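One structure is given below, encoded as structure tokens.
Chain A is the first sequence line, chain B the second, and so forth, proteins listed ahead of strands; every chain is numbered from 1. A quick note: this is a predicted structure, and the numbers were derived from the prediction, not measured.
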Amino acid sequence: MTTLTPQEQTHPPVDIAHLRHTAAHVLAYAVQDLFPEAKPTIGPAIENGFYYDFDRSEPFTPEDLEKLEARMREIVASDYAMTGRRVSREDAIEAFRDNPYKVEIAREIPEGDPITLYTIGEFTDLCRGGHADSTGAIGAVELNSVAGAYWRGKSDNPMLQRIYGTAFTTQQELDDYHAFLDEAAKRDHRRLGADLDLYHVDELAGGGLIFWHPKGALMRGIVEQFIRDGLRERGYLPVITPHVVHENLYATSGHLENFADSMFGPIEVEGQRFRLKPMNCPGHILIYKNDAHSYRDLPLRFSEFGTVYRFELSGTLHGLTRVRGFTQDDAHLFCTPEQLQGEFEQTLDEALRLMDAFGFSGFEYFLSTRAERGPTDDIAEAAIRNALESRNLPYGIDEGGGAFYGPKLDINLHDAIGRKWQLGTVQVDFVLPERFELKYRGADGMDHRPVMIHRALAGSMERFFGVLIEHFGGNFPAWLAPTQAVVVPISEHQLDYAYEVRDKLRARGFRIDVDSSNEKLGYKIRHWKTQKVPYILVVGKSELAESKVNVNERSVEEKRNVTVDEFAEELAAKVAAKR
RNA sequence: GCUGGCGUAGCUUAGUGGUAAAGCACCACUUUGGUAAAGUGGAGAGCGCGAGUUCAAUCCUCGCCGCCAGCUCCA
């Protein structure tokens, strides 16, 4: 921590969160002027802007937002000073007696904490503070959308109307933010999934269920192969378990009592109740349990691309990143307590290897602890902490965010344009071995309880693929691209040669197509560029004569004529380097 | 699920209380063309689904479904 000089303290640089919090006050001020019947509740700064929740029976329309925005600009231009004063709890409650939300907040401020009111112009709000000095500090402000939000996030509370907006110190920063949003929209995997013909969700089949098209399935296969290679090297054993099993399995595992809301309902057959598999662990446990194990067998690492089904609320579904049926790159490790630490560290290394191969960076680690702690949680959490510390990785804590069977480590990462995603998770579990009475024979001749590690490194193939699409913006590197190169003949006189080039490259295992369409060269080039194919190989009269191809590499201006073998070597090198 | 918005050919959009228009994509033909869209022609939706109002509904009303932005949750 740096100590501020007195000068810096009197003129602190405007904190962007303070600026946006101030903008939220300005919004509430504007709402007070234009819609006096609306009751302000809370209005914090958030990652990319701010929001303010209002209680009002009439919905705010887009036209209302425009009027509010105009009024906000006036308030900003007036450059009202933000003045705060400390009041007693009674005074605060009295000041907001017509607003039950503010009263509730005032009542709940802990004894001893200051209760403060902040005023700009004619608007006073109950607020803990953290503002710019005056409204004039806001260089650019805009309102973005209205959405419903429950008071304090609880669905049995009244629904409020949340107005989202953002604010910056300068107009330039706002423009840059818009440019960022445009870039993000261009990378939207739902858009690119359709444009590049990778997958779709079908209304007839239901939301959140993914139909992988040939190109998408091909890419998924490449990712899966990469993961499989890593698993084999690290001694994981492949297993395959059923998608529908008797409900009793999940009663025993505890999923039915802890997880029922997320499970699809029972399927009745011959008076017996079956369930779609929501998690792979119970299945892997049954395989473990089917044999007697010695400590010499451990650690035992079972892996499966396990497809699971979870009932997510319809409103939460989103492209590939929030679905109802998905395949985890799942594995369960059964080990002795002594092995736990080392095994955990290895999974962490493997997770990093995977994320690194796809060019992700900015990893963040979160230790989620279990809400209902048991006697083994200290050991489990220690294993996670020690693993992180042994690799010198800083981490945050998410109290109570763990699985019902134990604490977990979540790995967040940043994509190419700096957005955060949560993919991999590694979890320590002393509970399921207990519930299923798992055991192994120790060196002492006695039975012991193994520890389990649950881990999914990519997370789910669906979400991982969605994130990959956005990370690369559809410009997949050659090793991943469903079509690595298209051979484009200039006229049909070179069509036979084009097929010859294609077959030669295909024989080396590359994914190559020929454009045999009756179109002009410019059209064909444009078409394949929009399809984001890494290489377009143009063959005309001169290439045919020299047995060469004219290489047009994606996002490289310069074109070059090389022989087919030279191109094959170049492509092979890229694929080997995973570029 | 809840709040708000939306739902017209594969995609993007136009349109009207009297049974729908365009561009791209698709198919055929002409053209054999050297680096981001050649020309002509053709086929394709009955306007998400259902009910109501009306002489008449894609356009009005209601319900359902789906999508989008959030709330919530998480791989």
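Neither OP1 nor OP2 of B/C74 sits under 4.0 Å from any side-chain N or O of A/K408. Within the structure, a side-chain polar atom (N or O) of A/S314 is placed less than 4.0 Å from OP1 or OP2 of B/G1. Remark: A/R190 is in phosphate contact with B/C68, judged by side-chain N or O atoms under 4.0 Å from OP1 or OP2. Contact annotation: A/Y523 reaches the phosphate of B/A25 (side-chain N/O to OP1 or OP2, under 4.0 Å). For A/R191 and B/U12, the shortest distance from a side-chain N or O to OP1 or OP2 is below 4.0 Å. Contact between the side-chain N/O atoms of A/H318 and the OP1/OP2 oxygens of B/C67 is not found at any separation under 4.0 Å.
A/N550 and A/N552 form a side-chain donor-acceptor contact under 3.5 Å, judged by distance and modelled atom types alone. Side chain to side chain, A/E142 and A/H178 meet the donor-acceptor criterion of an N or O pair below 3.5 Å. Side-chain atoms of A/E104 and A/W151 form a donor-acceptor pair, as typed in the model, at a separation below 3.5 Å. Under 3.5 Å, the side chains of A/H332 and A/N280 contain no donor-acceptor pair of N or O atoms.
When distances run from any side-chain atom of A/T530 to the nucleotides B/G34, B/U32, B/A36, the shortest one goes to B/A36. The listed nucleotides are B/C71, B/C26, B/G34; the one nearest the side chain of A/I490 is B/G34. Relative to the side chain of A/R526, the nucleotides B/G34, B/G70, B/A36 differ in distance, and B/A36 lies closest. Distances from the side chain of A/L521 to the nucleotides B/G34, B/C65, B/G33 place B/G34 closest.
A donor N or O paired with an acceptor N or O is not found under 3.5 Å between the base of B/C71 and the side-chain atoms of A/R162. Residue-to-nucleotide contacts include a donor-acceptor pair under 3.5 Å from the side chain of A/E543 to the base of B/G34. The base of B/A75 is not paired with the side chain of A/Q427 by any donor and acceptor separated by under 3.5 Å. The base of B/G34 sits within donor-acceptor range of the side chain of A/S542, with an N or O pair under 3.5 Å. You'll find a donor-acceptor pair under 3.5 Å spanning the side chain of A/N518 and the base of B/U30, going by distance alone.
Listed for the A/K39 side chain is no donor-acceptor partner under 3.5 Å among the backbone atoms of A/F54. Using modelled atom types, no side-chain atom of A/R301 and backbone atom of A/L333 make a donor-acceptor pair closer than 3.5 Å.
Mapping A/A149 and A/N561 onto RNA chain B via the closest heavy atom, the residue that lands nearer the 5' end is A/N561. Comparing A/D195 and A/K541 by the nucleotide of RNA chain B that holds the closest heavy atom to each, the one mapping nearer the 5' end is A/D195.
B/G46: glycosidic angle within 90° of 0, hence syn.
Here the two rings, on A/F465 and A/W212, have centers that are under 6.0 Å apart.
Nucleotide B/A75 holds its P atom 18 Å from the CZ atom of A/R220, rounded to whole Å. Distance A/F264 CZ to B/G1 P: 12 Å, rounded to the nearest Å. Distance CZ (A/F50) to C1' (B/G70): 16 Å, rounded to an integer number of Å. To the nearest angstrom, C1' of B/C74 lies 12 Å from OH of A/Y405. Atom C1' of nucleotide B/G1 and atom CD of A/E312 are separated by 12 Å, given to the nearest angstrom.
A/E492 comes within 4.0 angstrom of a nucleotide base, judged by non-hydrogen atoms across all strands. Among the atoms of the strands shown, none is found under 4.0 Å from any heavy atom of A/F60. Heavy atoms of A/Q161 sit nowhere under 4.0 angstrom from any nucleic acid atom. Nucleic acid contact for A/G540: base, since at least one base atom lies under 4.0 Å from a heavy atom of the residue. Among the heavy atoms of the strands lying under 4.0 Å from A/L423 are primed sugar atoms or P, OP1, OP2 only; no base atom is included. Within the 4.0 angstrom heavy-atom criterion, no nucleotide atom of any strand lies near A/V488.
For the side chain to side chain contact (heavy atoms under 4.5 Å, CB included) test with A/K524, the passing option among A/D515, A/I536, A/V538 is A/D515; the others fail.
Annotation: B/A56 and B/G63 have their P atoms spaced 23 Å apart (nearest Å). Between B/G39 and B/C60, the distance separating the two P atoms is 38 Å to the nearest Å. One P atom belongs to B/G23, the other to B/G5, and the distance between them is 34 Å to the nearest Å. Atom C1' of B/G70 sits at a distance of 41 Å from the matching atom of B/G18, rounded to the whole Å. Across the C1' atoms, B/A25 and B/A37 are found 12 Å apart, a figure rounded to whole Å. With both ends at atom C1', the span from B/G33 to B/C11 equals 28 Å, rounded to whole Å.
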